[in-house]
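This one's a predicted model, so the numbers in the text were calculated from it and none came from an experiment. Convention: sequence-line order gives letters A, B, ...; per-chain numbering from 1.
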Amino acid sequence: MNRRVLLIGLTASLPLLVVLAMSFGRDPHRVNSPLVGKDAPLFRLRGVAGAPPISLADLRGKPVVVNFWATWCVPCHEEHKILVETAAAMGSSVQFIGVVYDDEEAKILEFLRLNGNSYPTVVDVAGKTAIAYGVYGVPESFFVDTKGKIIAKHEGPLTRELLYEYISRFKAHLG
Amino acid sequence: MTPLLGRTLVLLSLLFASAGAVFAFAAALRSSRPALILARRLAYAYAAAMTAANLLMISALLAHDFSVSYVAQVGSRSLPVWVTIVSLWSSLEGSILFWGLILGLYIAVSTAIISRSFEDYLPGALGVWLSCATFFSFLLAGPAQPFATITPVPLDGPGPNPLLQNHILMAIHPPFLYLGYVGMTIPFGLASAALMRGQLTQDFIRPLRRWLLLPWTFLTVAITLGGWWAYEVLGWGGYWAWDPVENASFLPWLTATAALHSAIVVERKGMLKGWTLVLIKASFLLTILGTFMTRSGVFNSVHSFTQSSIGPTILVFLAIASLWSIFLLAMRIDSLESERHPLYGASREGMFLINNLLFVLLTLTVLIGTLFPLLVEAFSEKQMSVGRPYFDQMAVPVGVALLFLLGIGPALPWGRATKDQLRRVFLLPLAAGAVAGGIGFAAGVRGVPTLATLFAGGFAAVVTFRELSRSLPTRSSAARGPSRRRFGGYLVHAGAVVVIIAIAVSSTMKTSIDAQLTLGQTVKIGDYTLTFAGAREVAEPHRQSIIATVNVSRNGSQLGSLTPRMNFYENQREPIGTPDVRTSLFEDLYLSVMNVDPQNQTLGLHAMINPMVAWIWGAVGLMAIGSVVILIPRRKLIIAPVPTDPAMAQIAPGVEVEAG
């Protein structure tokens with residue numbers, strides 16, 4: 001038995017295997033947002049179909065879910081139904097806001113008629129808010145705590161489980 | 001019916017491979033001939049079962065039998081026949097099935113050849129090969145089933161990933177890659193057999209090297225085809241991005257290249273036996289690492305398959321294969337009886353050693369760069385990526401040094417060179433290097449790495465050409481075999497010299513412009529004038545495209561038009577551009593669309609002039625031809641042990657004579 005060969009072989013291969021084993025579950029597409037942990041960029045956007053405008057600053061004191069979506073985005077349809085249901089279930093404890101990105105008024109109304117409408121929807125004219133939030137693609141959701149800080153960001157459609165998981169983090173932040 | 005038959009074939013292959021491995025190892029331990037005969041038959045049976053399973057899958061794909069889960073996953077009635085056949089390896093389960101086919105064919109052919117002359121090595125090798133086969137059959141039987149049953153049977157399927165449908169190279173690149181990757185199993189088994197027997201005789205190193213050269217050649221071509229595909233399809237004008245999956249194919253290539261060189265030292269001097277076996281084993285293990293990287297969902301890459309559950313299984317296999325290899329090496333490396341000779345710096349074997357060190361250094365550099373993001377993320381919340389600058393900075397000096405060595409090594413004699421010899425062999429190459437550097441400088445090259453590459457390239461070119469002409473096979477040559485081998489080897493070197501120079505020039509001397517054009521507007525790049533002649537929409541069954549037409553003229557004369565395009569696929573969020581390239585001997589004009597509006601007839605154009613890119617493809621072709629020259633079996637000489645040949649010394653007078 002050549003101990004030197006054994007030692008060199010093991011020191012070269014074992015750490016490598018360990019690192020690979022630790023990497024399971026890593027999502028290579030995930031990009032951490034530099035906004036997480038920072039103050040959410042403020043916005044004041046007009047509501048859809050002449051509804052009153054909404055300002056993020058006015059919602060201070062309440063946890064907010066900001067969901068960027070569009071009617072041309074296929075996964076947004078399924079996600080929207082889950083958001084509508086959850087928002088209704090949460091009542092006034094969590095505020096949901098849908099921000100529509102790059103879209104047309106008529107299509108938005110048709111979308112809301114089809115998929116439900118239980119929380120305010122605002123229109124991001126010229127996409128300025130999406131740019132401020134660094135939105136890479138829709139759907140994308142931001143979770144803003146009572147002090148106006150972004151505590152989490154989610155890319156892609158939310159499932160019911162994920163949504164509840166994120167909302168439970170609001171409580172963790174409070175308590 | 002088909003799913004059931006397919007599953008039966010997969011289970012049979014699992015049975016044949018595992019039983020065969022057991023009998024082969026038993027034969028190795030007890031030198032039992034009946035066990036070996038049985039193992040050999042089971043190896044052929046495994047190959048037959050895998051071939052049948054693959055044929056069954058292809059016929060199911062062609063018949064659009066959507067009751068087979070894999071067909072339902074990748075098949076589609078609207079596809080052309082070639083895409084339907086290609087979809088055999090376009091997705092995870094099918095690619096493992098295809099892997100099984102290639103492995104079966106390799107095992108069958110090498111079993112037949114090795115049993116003829118080196119039967120002593122067969123039991124151990126067969127045991128290792130069939131163990132690998134067992135693993136892949138296990139994947140097909142459990143975690144990556146291609147023949148699962150689907151009910152209710154869908155009427156149509158989605159077809160494979162659109163990126164894989166848009167260029168014919170996608171039909172050629174993967175099979176070559178598999179032939180390279182899977183083929184590394186054969187030298188791995190042979191090297192393991194040598195270790196199990198505790199000896200590596202000089203006559204066995206020859207077939208071992210040939211069995212390494214074969215997958216090496218496929219891998220060389222496959223890597224290049226991959227680069228070519230990226231260049232023709234992805235639209236950013238480059239062919240290599242140090243992407244994790246590209247690196248995964250490059251790593252075993254590097255260690256295999258090192259092993260091909262150290263094997264020559266084993267053959268000539270009886271030195272470096274253990275080291276050569278380490279390199280061969282590493283090459284195989286790196287192919288399994290590469291398989292893990294492509295299929296575990298841990299790495300992000302244009303090449304990788306989607307998330308899957310087979311990652312942990314592959315990792316377990318990698319761990320077992322690595323630890324077993326290390327223990328086997330540690331136990332038997334001392335019994336190989338490498339000869340020890342004094343090693344002189346200025347000698348052929350000295351240069352082989354430096355060559356090996358450089359290749360291993362490059363392997364480690366690329367490996368660390370590829371895995372570093374995983375390491376950081378495993379121990380902290382931070383995300384990081386290692387980009388081009390790291391790889392370029394590390395790889396360029398090593399590449400230049402290897403190119404220089406390509407000139408020095410073959411010019412030096414075995415043993416010790418005298419000062420007089422050195423002066424004689426290096427004077428002309430040095431002059432040629434200076435001329436090449438001078439020409440580059442005059443042509444406007446100012447970057448130090450590129451000038452160094454040109455100098456080393458000129459130097460290496462002269463030496464390679466000299467050796468090439470010396471080893472020209474002649475009809476009267478008494479020892480045609482070895483001479484042909486040298487000739488082929490120097491053809492590979494000649495190709496490598498051109499590849500390295502072309503990479504250096506194409507990556508440092510390119511020019512590019514971005515322009516926003518309206519209909520009829522022109523823009524100049526180099527000597528070319530580009531005129532936007534309109535954009536039109538085209539609908540195809542599987543995609544919508546906007547095609548821009550750009551007229552090209554050079555110094556006033558029309559050269560025709562190029563049509564870069566933007567494609568929109570149904571299930572793809574972002575559009576995918578397809579560039580258009582006009583290739584001429586010294587440079588490519590490369591156009592890709594950044595944005596295009598057919599209503600208002602505007603075009604955002606990215607235009608590039610890439611010098612010498614075509615030389616890379618051509619020179620790799622030359623490398624492949626050189627390998628084939630070595631590999632073509634002619635007479636029985638190839639597998640029969642070659643007598644120690646005084647004839648060798650005669651065909652290459654001067655430098656070939658051993659000085660020591």
Self-check item: Largest heavy-atom contact set with chain B, pairs under 4.5 Å, which of A:V18, A:L17, A:L7, A:L14
Solution: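 Most heavy-atom pairs within the cutoff with chain B belong to A:L17.
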Within 6.0 Å of [atom1] in [X], more than 12 heavy atoms from elsewhere:
X: A:K128; atom1: NZ; answer: no
X: A:Y101; atom1: OH; answer: no
X: A:K81; atom1: NZ; answer: yes
X: B:F391; atom1: CZ; answer: yes

Quiz item: Checking heavy atoms, do the side chain of B:L285, its backbone, both or neither come under 4.5 Å from chain A?
Solution: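 Contact with chain A: none, neither part.
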Quiz prompt | Residue part contacting chain A, namely of B:L375, when any heavy atom lies under 4.5 Å | solution = both
Practice problem: Drop me the distance from A:N2's CG to B:I326's CD1, to the nearest 0.5 angstrom. | Solution: 12.5 Å
Exercise. To the nearest 0.5 angstrom, please state how far the CG atom of B:L318 sits from the OG atom of A:S13.
Key: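 Going from the CG atom of B:L318 to the OG atom of A:S13 covers 9.0 Å.
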Quiz item: Can you pull the disulfide (SG to SG under 2.5 Å) pairs that have at least one residue in residues 74-135 of chain A, sequence neighbours excluded?
Solution: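 Sorted result for residues 74-135 of chain A: A:C73-A:C76.
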Practice problem: From the options A:L6, A:I8, A:V5, select the one residue that forms a side chain to side chain contact (heavy atoms under 4.5 Å, CB included) with B:L329. | Solution: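 The passing option is A:V5.
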Self-check item: Contacting region of A:L10 [heavy-atom separation from chain B under 4.5 Å]
Solution: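 It is both, since atoms from each part get that close.
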Quiz prompt | Which atoms of A:L16 approach chain B - backbone, side chain, both or neither, heavy atom under 4.5 Å | solution =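 A:L16 touches chain B through side-chain heavy atoms alone.
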Exercise. Could you tell me which residues satisfy side chain to side chain contact (heavy atoms under 4.5 Å, CB included) with A:I82, sequence neighbours excluded, listed by chain and number?
Key: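 With sequence neighbours excluded, A:I82 shows a side chain to side chain contact (heavy atoms under 4.5 Å, CB included) to A:T86, A:R160, A:L163, given in chain and number order.
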